[in-house]
Amino acid sequence: MTVPPQATEPHTETTEPNGHWPLPDLAARALGGAVLTANDESFAEKEHLIRPYPVLHQSATFGHRGQLYDGWETRRRREPGHDWAIVRLGAPGRVGGIVVDTAYFTGNYPPEVSVDACRLDGHPSLTDLEAADWHTLVPRSTAKGDSRNAYDVDFPGRVTHVRLNLHPDGGVARLRVHGTPVPDPDGFADLPLDLAALVNGGSILGASNAFYSNPVGAITPGLATSQADGWETARRREPGHEWLDIGLAGRGVVRVAELDTTHLKHNAPGWASIEAFDGDETFTLLPRTALVPDTPHRFVLDNDRPAVSVRLNIFPDGGMARVRLYGRLTAAALAGMRERFEAR
Ligand SMILES: NC(=O)NC(NC(N)=O)C(=O)[O-]
């Protein structure tokens with residue numbers, strides 16, 4: 001199916017099943033996720049499963065293989081067994097919840113699904129994956145048609161790949177694998193890193209307003225593709241200002257802040273400041289500073305104090321395409337990261 005890109009899914013559609021601040025989707029294409037293989041994709045291609053966009057549908061749009069779907073759809077199975085697809089997580093980590101979205105699949109959704117996981121660090125081949133030790137994340141469970149089927153997951157340890165199983169066959173529009181990244185500290189060597197980056201273990205802890213987009217975009221790799229890709233608030237009509245709280249990859253010293261207002265042409269904040277938190281202590285990383293629209297700004301900070309989280313204040317409102325906080329983890333934080341990576 002040829003489906004044009006839409007704005008990325010709004011914040012409200014990515015809420016994590018147990019109701020906390022949404023855990024990011026570890027399978028997201030923007031993080032490097034990929035649908036590696038499927039046993040069957042006769043009706044519709046497996047790659048649709050991790051598209052970041054809301055599901056599109058037009059009824060009675062028949063192609064050479066039947067109705068076109070923005071999802072993965074297998075043929076009607078005439079022999080025993082089930083269908084499956086394997087997805088590589090862009091950010092390997094601990095999985096907290098899975099969403100199997102069957103939007104628009106009504107007469108052809110799988111009545112039951114299950115999800116397995118494995119951990120194969122490095123760059124495994126499909127043959128390696130076939131031979132891997134797979135564990136159950138979601139046992140065989142009922143799925144509804146045309147619905148966001150959300151399943152809680154309680155599975156310890158780092159997952160690198162998931163396998164979605166359809167019992168016995170059918171179509172699924174999207175697969176979201178919500179969780180917490182567990183990075184490999186070896187990848188950092190002894191280099192400074194972006195302590196805010198999701199793939200390095202940074203997280204969004206809260207936001208005063210996330211009306212237009214999921215703020216996790218602001219700590220996602222690469223340049224923002226449009227205004228929908230980043231953090232954008234509604235227009236503020238009361239006194240005060242908006243803010244975004246970011247958990248750092250670990251306790252570390254931030255030396256350079258990058259505040260990128262790219263694509264925010266008529267809605268960039270006028271000014272920004274950054275406060276840092278370390279236990280009971282609060283200190284200023286960046287005093288209130290003027291910003292310009294549609295521009296990546298780099299600020300070298302006069303700082304040698306470690307912090308565990310920061311608050312980015314924007315005045316009075318607007319958003320931020322990307323926030324990068326370059327610095328170094330403390331030795332203890334690096335050791336903690338290694339422990340989490342090695343936990344099985
Ligand atoms: N892509 C399809 O045409 N799938 C199905 N049929 C319709 N009409 O959606 C089916 O499962 O037979």
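Residues: numbered from 1 along the sequence shown.
- For the atom pair CZ (Arg140) and OG1 (Thr142), the distance works out to 10.0 Å, reported to the nearest 0.5 Å.
- Put simply, the side chain of Glu73 reaches to within 4.5 Å of the side chain of Asn108, judged on heavy atoms.
- Between Glu232 atom CD and Met320 atom CE the span is 12.0 Å, to the nearest 0.5 Å.
- Here the straight-line distance linking atom OG1 of Thr37 with atom CZ of Arg163 works out to 11.0 Å at 0.5 Å rounding.
- Enclosure of atom CZ in Arg29 is not indicated, since only 12 or fewer non-hydrogen atoms of other residues, nucleotides or ligands lie within 6.0 angstrom.
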Item to check | side chain to side chain donor-acceptor pair (under 3.5 Å) evaluation trace for Asp83 with Asn165 | outcome: CA-CA 6 Å; Asp83 294 328; Asn165 304 303; over 6 Å; no

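- Contact detail for Leu312 and Trp231: the closest heavy-atom pair is CD2-CZ3, 4.2 Å.
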Next on the checklist: Would Val95 and Leu23 count as a side-chain contact (heavy atoms from CB on, under 4.5 Å) here? Give the steps.
Outcome noted: CA-CA 9 Å; Val95 179; Leu23 289 172; over 6 Å; no

Next on the checklist: Could you walk me through whether Val172 and Asp101 satisfy the side-chain contact (heavy atoms from CB on, under 4.5 Å) test, starting with their C-alpha distance in whole Å, then the side-chain angles of each, then the deciding distance to 0.1 Å, before giving a yes or no?
Outcome noted: CA-CA 6 Å; Val172 169; Asp101 186 344; 5.8 Å; no

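- Taking the side chain as every heavy atom from C-beta outward, Val292 and His297 approach each other to under 4.5 Å.
- Between the side chain of Arg338 and the backbone N or O of Phe341, no donor-acceptor pair lies under 3.5 Å.
- Here the shortest heavy-atom pairing between Pro24 and Val216 reads CB-CG2, 3.9 Å.
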Checklist entry - Should Tyr69 and Phe105 be marked as a ring-ring contact (aromatic ring centres under 6.0 Å, His included) after you check the CA-CA gap, both sets of side-chain angles, and the distance that decides it? => result CA-CA 8 Å; Tyr69 283 94; Phe105 287 96; 4.4 Å; yes

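- Under the 3.5 Å distance criterion, the side-chain polar atoms of Thr136 are left unmatched by any main-chain donor or acceptor of Pro139.
- Considering only residues two or more places apart in sequence or on other chains, Thr261 meets the side-chain hydrogen bond (donor to acceptor under 3.5 Å, both in side chains) condition with none of them.
- The number of heavy-atom neighbours closer than 6.0 Å to CH2 of Trp84, taken from other residues, nucleotides and ligands shown, is above 12.
- Within the 3.5 Å criterion, the main-chain N or O of Ala218 finds no donor-acceptor partner in the side chain of Thr220.
- No salt bridge links Glu342 with Arg344; every basic N to acidic carboxylate O contact stays at or beyond 4.0 Å.
- A donor-acceptor distance shorter than 3.5 angstrom exists from the side chain of Gln67 to the backbone of Thr61, with no hydrogens or angles considered.
- Scored by the ring pair (Phe, Tyr, Trp, His ring centres under 6.0 Å) test, His167 finds His82 as partners (sequence neighbours excluded).
- Electrostatic pairing of Arg119 and Asp121 counts as a salt bridge here, judged by a charged N lying under 4.0 Å from a carboxylate O.
- More than 12 heavy atoms of other residues, nucleotides or ligands sit less than 6.0 Å from atom CG of Asp186.
- Using modelled atom types, one side-chain atom of Thr233 and one backbone atom of Gly318 make a donor-acceptor pair closer than 3.5 Å.
- Considering every non-hydrogen atom in both Ala44 and Gly71, the closest pair reads CB-O, 3.2 Å.
- Both Leu49 and Val153 are members of a single hydrophobic cluster when ILVMFWY side chains are connected at heavy-atom separations under 4.5 Å.
- Summarising the geometry, atom CD1 belonging to Ile86 is positioned 7.5 Å from atom SG belonging to Cys118; distances are rounded to the nearest 0.5 Å.
- A donor-acceptor pair is defined here as one N or O able to donate and one able to accept, closer than 3.5 Å; no such pair exists between the side chain of Asn200 and the backbone of Gly202.
- Side-chain atoms of Leu325 and Val323, non-hydrogen and from C-beta on, do get closer than 4.5 Å to each other.
- Between the side chain of Ser147 and the main chain of Asn149, no donor-acceptor pair closer than 3.5 Å is present.
- In plain terms, the two heavy atoms of Ile204 and Ile246 that are nearest each other are CD1-CG1, 4.3 Å.
- Looking at Asn313 and Ser273, their side chains do bring a donor and an acceptor atom within 3.5 Å of each other.
- In summary, of the residues considered (Arg322, Arg328, Arg255, Arg324), a salt bridge (charged side-chain N to carboxylate O under 4.0 Å, His left out) with Asp194 occurs for Arg324 alone.
- Across Gly319 and Ile314, no two heavy atoms sit closer than the pair N-CD1, 3.5 Å.
- Within the 3.5 Å criterion, the main-chain N or O of Thr262 finds no donor-acceptor partner in the side chain of Asp294.
- Between Gln227 and Leu264 the shortest side-chain heavy-atom distance falls below 4.5 Å.
- Looking at Phe155 and His135, their side chains come closer than 4.5 Å, going by heavy atoms from C-beta outward.
- Remark: the backbone N or O of Glu41 is not paired with any side-chain donor or acceptor of Thr74 at under 3.5 angstrom.
- Using a 3.5 Å distance cut-off with no hydrogens or angles, the side chains of Ser208 and Glu242 do pair a donor with an acceptor.
- Relative ring orientation between His57 and Tyr104 is described as parallel, the plane-to-plane angle staying below 30° on a 0-90° scale split at 30° and 60°.
- The CG atom of Leu26 lies 10.5 Å from the CZ atom of Arg158; values are rounded to the nearest 0.5 Å.
- Between Arg75 and Asp40, at least one side-chain nitrogen of the basic residue sits less than 4.0 Å from a carboxylate oxygen of the acidic one, meeting the salt-bridge criterion.
- Considering only residues two or more places apart in sequence or on other chains, Tyr109 meets the ring pair (Phe, Tyr, Trp, His ring centres under 6.0 Å) condition with none of them.
- Using a 4.5 Å heavy-atom threshold, the side chains of Val113 and Tyr151 count as touching.
- Annotation: side chain of Asp152 is not in contact with side chain of Ile98 (no heavy-atom distance under 4.5 Å).
- A cation-pi arrangement, defined by a distance under 6.0 Å to the six-membered ring centre and an angle within 45 degrees of its axis, is present between Arg288 and Phe315.
- A side-chain donor-acceptor contact under 3.5 Å links Thr160 to the backbone of Leu120.
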Item to check | Intermediate values then yes/no, salt bridge (Lys or Arg N to Asp or Glu O under 4.0 Å), Arg298 and Glu258 | outcome: CA-CA 4 Å; Arg298 239 174 200 250; Glu258 196 172 288; 3.1 Å; yes

Checklist entry - Does the pair Leu259 and Ile274 meet the rule for a side-chain contact (heavy atoms from CB on, under 4.5 Å), with working shown? => result CA-CA 10 Å; Leu259 301 183; Ile274 306 176; 4.3 Å; yes

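- Phe299 CZ to Thr289 OG1: the interatomic distance, rounded to the nearest 0.5 Å, is 5.5 Å.
- Minimum interatomic distance between Tyr53 and Arg176 (heavy atoms only, all atoms of both residues): O-NH2, 4.2 Å.
- Salt bridge Arg76/Asp169: absent, no basic N to carboxylate O contact under 4.0 Å.
- Using modelled atom types, one finds a donor on one side chain and an acceptor on the other under 3.5 Å when comparing Asp128 with Ser125.
- Side-chain atoms of Ser141 and Glu112 form no donor-acceptor pair, as typed in the model, at a separation below 3.5 Å.
- Pro111 has its side chain within reach of Pro168: a pair of non-hydrogen atoms, C-beta onward, lies under 4.5 Å apart.
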Item to check | Chi angles and distances behind the side-chain contact (heavy atoms from CB on, under 4.5 Å) call for Arg174, Asp70 | outcome: CA-CA 9 Å; Arg174 300 285 188 265; Asp70 179 9; 2.9 Å; yes

